[in-house]
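Side chains included, hydrogens not; waters and symmetry mates left out as well; all remaining heavy atoms used.
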Amino acid sequence: MSNPSGDTPVIAKSDIAVAIGMVAIVAMMIIPLPMILLDILLTFNIAAAVVIVLVAIFTAQPLQFSGLPPLLLISTLFRISLNVSTARSLLLTGEAGEVIKQFGQFVVQGNTVVGLIIFLILIIVNFVVITKGSERVSEVAARFTLDAMPGKQMAIDADLNAGLISEGDARARRRAIEREADFYGAMDGASKFVKGDAIAGLIIVAVNLIGGLIVGMLQQNMGFAQAWGHFSLRTVGDGLVTQIPSLLISTATGLVVTRAAGEAGLGTELSAQLMGNPLLLMMAGGVMAAMAFTGLPTLPFLLVGALLLVVGYMGMQAAKAKQAAPPAEPEALPVTNEQPETTVQVGPVDPLEIELGYALVALAEPGKGGDLLDRVVAVRKHVANNLGLVVPYIRVRDNLALSPYQYVVKLRGIEVSAYELQPDRVLAMNPGGLEETMSGTPTVEPAFGLPGVWISPAERQRAELMGYTVVDPVSVVIAHVTEVIKEHAHELLGRQEVRSMVDGVKESHPALIDELTPRLLTLGEIQKVLANLLRENVPIRDLVLIFEALADWAPVTKDTDQLTERVRTSLGRAIIHHLGLGPVIAALTVAPDLEQQLLAAAERRGGGPALDPNLAQGAIDSMIREAQAMAERGQTPVLVCNPALRPVLRRIAQHAVPRLVVLSWSELDPKLEIESAGVIRV
């Protein structure tokens with residue numbers, strides 16, 4: 001476990017114990033051990049195997065026993081070191097401890113041939129049946145888990161985007177998926193340890209038998225029969241003592257990797273599933289009882305049949321009692337003289353929602369090929385990268401009250417835009433100037449108001465060759481939602497979001513934040529400045545530059561409109577780049593006489609224009625006329641004016657000409673070249 005501060009890593013005591021244990025296991029292969037210590041370690045080996053099996057049985061999910069792969073390696077190495085130690089002791093002294101001796105005499109009653117046969121059976125069961133099956137399950141599970149990771153990640157993103165889970169829950173789920181893939185991959189390799197352990201056990205027994213005969217006959221002057229009887233019994237005992245734990249651990253491995261969809265302990269699941277239908281148990285009991293009268297042994301078949309019948313009957317009685325039991329009555333509330341109070345839980349209002357008519361639901365279902373949810377996530381990332389605003393979760397839901405092909409975009413529960421799609425067609429938009437027209441259902445594209453026509457997918461290639469811009473229905477929704485977000489971005493920025501921004505900047509620029517807030521500006525005042533920028537589609541990604549400008553000018557004025565203009569001056573280069581303007585900018589200017597009247601009005605009202613209605617309407621008409629002329633020439637409508645006049649003109653134009661970009665001379669780089677595209681005059 002590493003220290004995040006970069007200091008010396010902190011090592012847990014359990015890690016130290018594991019390291020010491022691993023060194024001790026390796027040392028056991030080299031250093032001779034006393035008989036009593038060897039007996040204790042052999043006993044501990046059996047106990048550890050029993051513990052591992054019990055943990056595997058009571059593990060509901062495989063990841064709850066994620067330490068099994070390295071544990072298999074450690075236990076395998078431990079058993080091999082015990083085999084080396086017992087083999088050394090047996091060949092040097094003729095004895096390998098009381099555990100091995102008594103185990104051989106107790107299990108096989110001193111019969112070496114029987115012991116060898118039992119040992120071989122255990123090897124075959126362990127190697128061919130359990131280990132081979134566990135290895136295959138681990139391999140297939142690892143492959144399927146890796147193949148399913150993209151789908152699971154998409155499902156998590158969909159739940160996150162729909163607001164069903166939080167960001168922390170999404171991170172936890174993604175981490176669980178990664179751990180699951182790592183676990184099954186590790187188990188695929190760790191199964192080879194158990195497989196190799198079974199082969200090693202067989203070889204070690206053969207080596208001990210041959211070595212024991214050689215040592216007994218050549219070094220201890222025993223006859224063949226005496227040497228065989230002495231060493232073979234202890235060799236078989238040694239093999240059984242180590243092979244039985246190996247079999248138990250192999251079984252534990254198989255139990256863990258086959259727990260694919262468990263939600264409770266193994267015993268709970270088996271009892272619920274095998275005994276969930278008592279009638280089947282009674283039928284099986286009847287079959288077993290009938291077989292007792294076919295010439296087969298009567299007592300065992302009758303006994304097992306009766307047991308199944310009794311268990312099935314008891315299960316049926318329990319099920320009937322459960323169905324007949326009356327529902328539990330709620331506890332009586334204490335009687336008081338006060339009037340009862342009704343508590344209603346009101347859920348929070350979603351910042352953004354997309355409601356779909358029932359015919360459009362398939363667009364949001366990945367199982368039916370719909371990718372709307374994934375592309376909504378991409379919209380949030382796009383807005384964050386371009387505007388610097390982290391958009392809240394966008395909830396996508398169906399609404400049967402809508403017409404089948406209609407969708408609605410809501411902001412804080414209020415509808416702000418709507419449109420009707422034709423999901424089985426594509427939208428061909430005329431970028432302007434195309435004489436040849438397409439046949440289909442005419443419409444107006446919702447994001448930019450372009451004329452379009454719904455055509456069949458078979459005509460898509462022809463429309464593109466004619467110069468039309470062709471998009472699928474989901475792209476129409478995504479473009480529409482993106483423009484709605486940009487238009488209402490200032491309404492999505494709250495104090496909590498600003499607090500997160502301030503805290504993020506404070507990590508890298510603590511001195512700047514300490515100077516700015518709360519001493520110079522409150523959180524609400526900073527929010528108003530940022531909202532003013534977003535209202536005019538100015539990106540707020542460079543928060544350091546914005547906060548530097550606020551810290552410079554906040555001691556001079558607390559007026560958020562004036563602070564916004566100062567910040568815009570600092571962001572001039574970013575604004576021009578975001579708008580895609582330069583190095584030559586075609587722009588509208590204001591006639592000198594109109595400029596003087598507007599400045600005088602602004603000074604009289606402290607920033608709020610007090611114009612004659614006829615003069616104001618004339619200025620608006622001129623803006624509309626000149627901006628439309630620029631748009632028809634394929635130019636971005638831009639108006640450049642005096643810095644003191646920019647807020648006034650923006651307020652005048654924001655409703656009449658919302659796409660008109662109003663810049664001040666102070667926001668422009670001196671290297672930019674300005675070409676006059678028209679003059680605003682009355």
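Other residues, nucleotides and ligands contribute only 12 or fewer heavy atoms inside 6.0 Å of the CZ atom of R573. Around the NZ atom of K558, the shell of radius 6.0 Å holds more than 12 heavy atoms that belong to other residues, nucleotides or ligands. Counted within 6.0 Å of CD1 on I414, heavy atoms from surrounding residues, nucleotides or ligands total 12 or fewer; the atom is thus considered open.
Q527 contributes a side-chain N or O that, together with a main-chain N or O of L493, makes up a donor-acceptor pair within less than 3.5 Å. For R425 (side chain) and V453 (main-chain N/O), no donor-acceptor pair under 3.5 Å exists by modelled atom type. Counting only distance, with no hydrogens or angles, the side chain of E459 and the backbone of R462 share no donor-acceptor pair below 3.5 Å. Between the S622 side chain and the R681 main chain, a donor and an acceptor come within less than 3.5 Å of each other. Without hydrogens or angle criteria, S475 side chain to V471 main chain gives no donor-acceptor distance under 3.5 Å. A donor-acceptor pair is defined here as one N or O able to donate and one able to accept, closer than 3.5 Å; no such pair exists between the side chain of R541 and the backbone of L387. Panel note: side chain D542, backbone L545; a donor-acceptor pair is recorded below 3.5 Å. With hydrogens and angles ignored, the 3.5 Å screen pairs a side-chain donor or acceptor of D559 with a backbone N or O of Q562. A donor-acceptor pair is defined here as one N or O able to donate and one able to accept, closer than 3.5 Å; no such pair exists between the side chain of R646 and the backbone of W665.
Cation-pi geometry between R566 and W553 is satisfied (NZ or CZ under 6.0 Å from the ring centre, within 45° of the ring normal).
The minimum heavy-atom distance linking V349 with G413 is given by the pair CG1-N, 3.6 Å. The shortest non-hydrogen separation linking A463 to V470 is CB-CG2, 3.8 Å. Nearest heavy atoms, A364 versus L373: O-CD1, 3.5 Å. What you find for V640 and A587 is that their closest heavy atoms are CG2-CB, 3.5 Å. Minimum heavy-atom separation, V657 to A627: CG1-CB, 3.7 Å. Counting all heavy atoms, side chain and backbone alike, A418 lies closest to V408 at CB-CG2, 3.9 Å.
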Requested in this report: Verify side chain to side chain contact (heavy atoms under 4.5 Å, CB included) between L356 and V396, making sure each step is shown before the conclusion.
Outcome: CA-CA 8 Å; L356 306 175; V396 180; 4.0 Å; yes
Query raised in the report: Does the pair R375 and D472 meet the rule for a salt bridge (Lys or Arg N to Asp or Glu O under 4.0 Å), with working shown?
Result: CA-CA 13 Å; R375 297 178 68 174; D472 58 89; 3.5 Å; yes
Query raised in the report: So T636 and L579, side chain to side chain contact (heavy atoms under 4.5 Å, CB included) or not? Walk me through it.
Result: CA-CA 9 Å; T636 301; L579 295 174; 5.9 Å; no
Query - side chain to side chain contact (heavy atoms under 4.5 Å, CB included) between V481 and V376, intermediate numbers included - result: CA-CA 8 Å; V481 172; V376 166; 5.9 Å; no
Report task. Go through the steps to decide whether R568 and E536 satisfy the test salt bridge (Lys or Arg N to Asp or Glu O under 4.0 Å), and finish with yes or no. Result -> CA-CA 11 Å; R568 286 183 60 96; E536 297 189 52; 3.5 Å; yes
Query raised in the report: Checking side chain to side chain contact (heavy atoms under 4.5 Å, CB included) for the pair E548/S570: CA distance, chi angles, key distance, verdict?
Result: CA-CA 9 Å; E548 290 278 5; S570 300; over 6 Å; no
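Using a 4.5 Å heavy-atom cutoff, the side chains of L492 and I485 are in contact. Taking 4.5 Å as the limit, some side-chain heavy atom of L421 sits within range of a side-chain heavy atom of Y407. The shortest distance between side-chain heavy atoms of R651 and D561 falls below 4.5 Å. Contact of the V477 side chain with the Y419 side chain is not registered, since no non-hydrogen atoms from C-beta on lie closer than 4.5 Å. Here the side chains of R395 and L352 are not in contact, with every heavy-atom distance at 4.5 Å or above. Between I620 and I652, some side-chain heavy-atom pair lies under the 4.5 Å cut-off. Proximity of V476 to P446: side-chain heavy atoms (C-beta onward) are separated by under 4.5 Å at one or more points. When side chains are defined from C-beta on, P647 counts as touching E565, because their heavy atoms get closer than 4.5 Å.
Once rounded to the nearest 0.5 Å, the distance linking CG of D398 with CG of L360 reads 10.5 Å. Taking CD of E675 as the start and CD of Q635 as the end, the distance is 8.5 Å to the nearest 0.5 Å. With rounding to the nearest 0.5 angstrom, the CG atom of L450 is 8.5 Å from the CG atom of N430. Between the CD1 atom of I540 and the NE2 atom of H490 there is a distance of 12.5 Å, given to the nearest 0.5 Å. For the atom pair NE2 (H578) and CG (L571), the distance works out to 11.5 Å, reported to the nearest 0.5 Å. One distance of note links OG of S403 with OH of Y358; it measures 9.0 Å at 0.5 Å rounding.
Using modelled atom types, one finds no donor on one side chain facing an acceptor on the other under 3.5 Å when comparing H382 with T482.
The only option from L639, N642, L594 that meets the side-chain contact (heavy atoms from CB on, under 4.5 Å) definition with L649 turns out to be L639.
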Enumerate donor-acceptor pairs with a distance under 3.5 Å from any side-chain N or O in residues 508-523 to protein atoms, sequence neighbours excluded.
unit_1: S508; atom_1: OG; unit_2: V505; atom_2: O; d: 3.3
unit_1: T517; atom_1: OG1; unit_2: L521; atom_2: O; d: 3.0
unit_1: T522; atom_1: OG1; unit_2: E525; atom_2: N; d: 3.3

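No salt bridge links E415 with K410; every basic N to acidic carboxylate O contact stays at or beyond 4.0 Å. No salt bridge links D621 with R625; every basic N to acidic carboxylate O contact stays at or beyond 4.0 Å.
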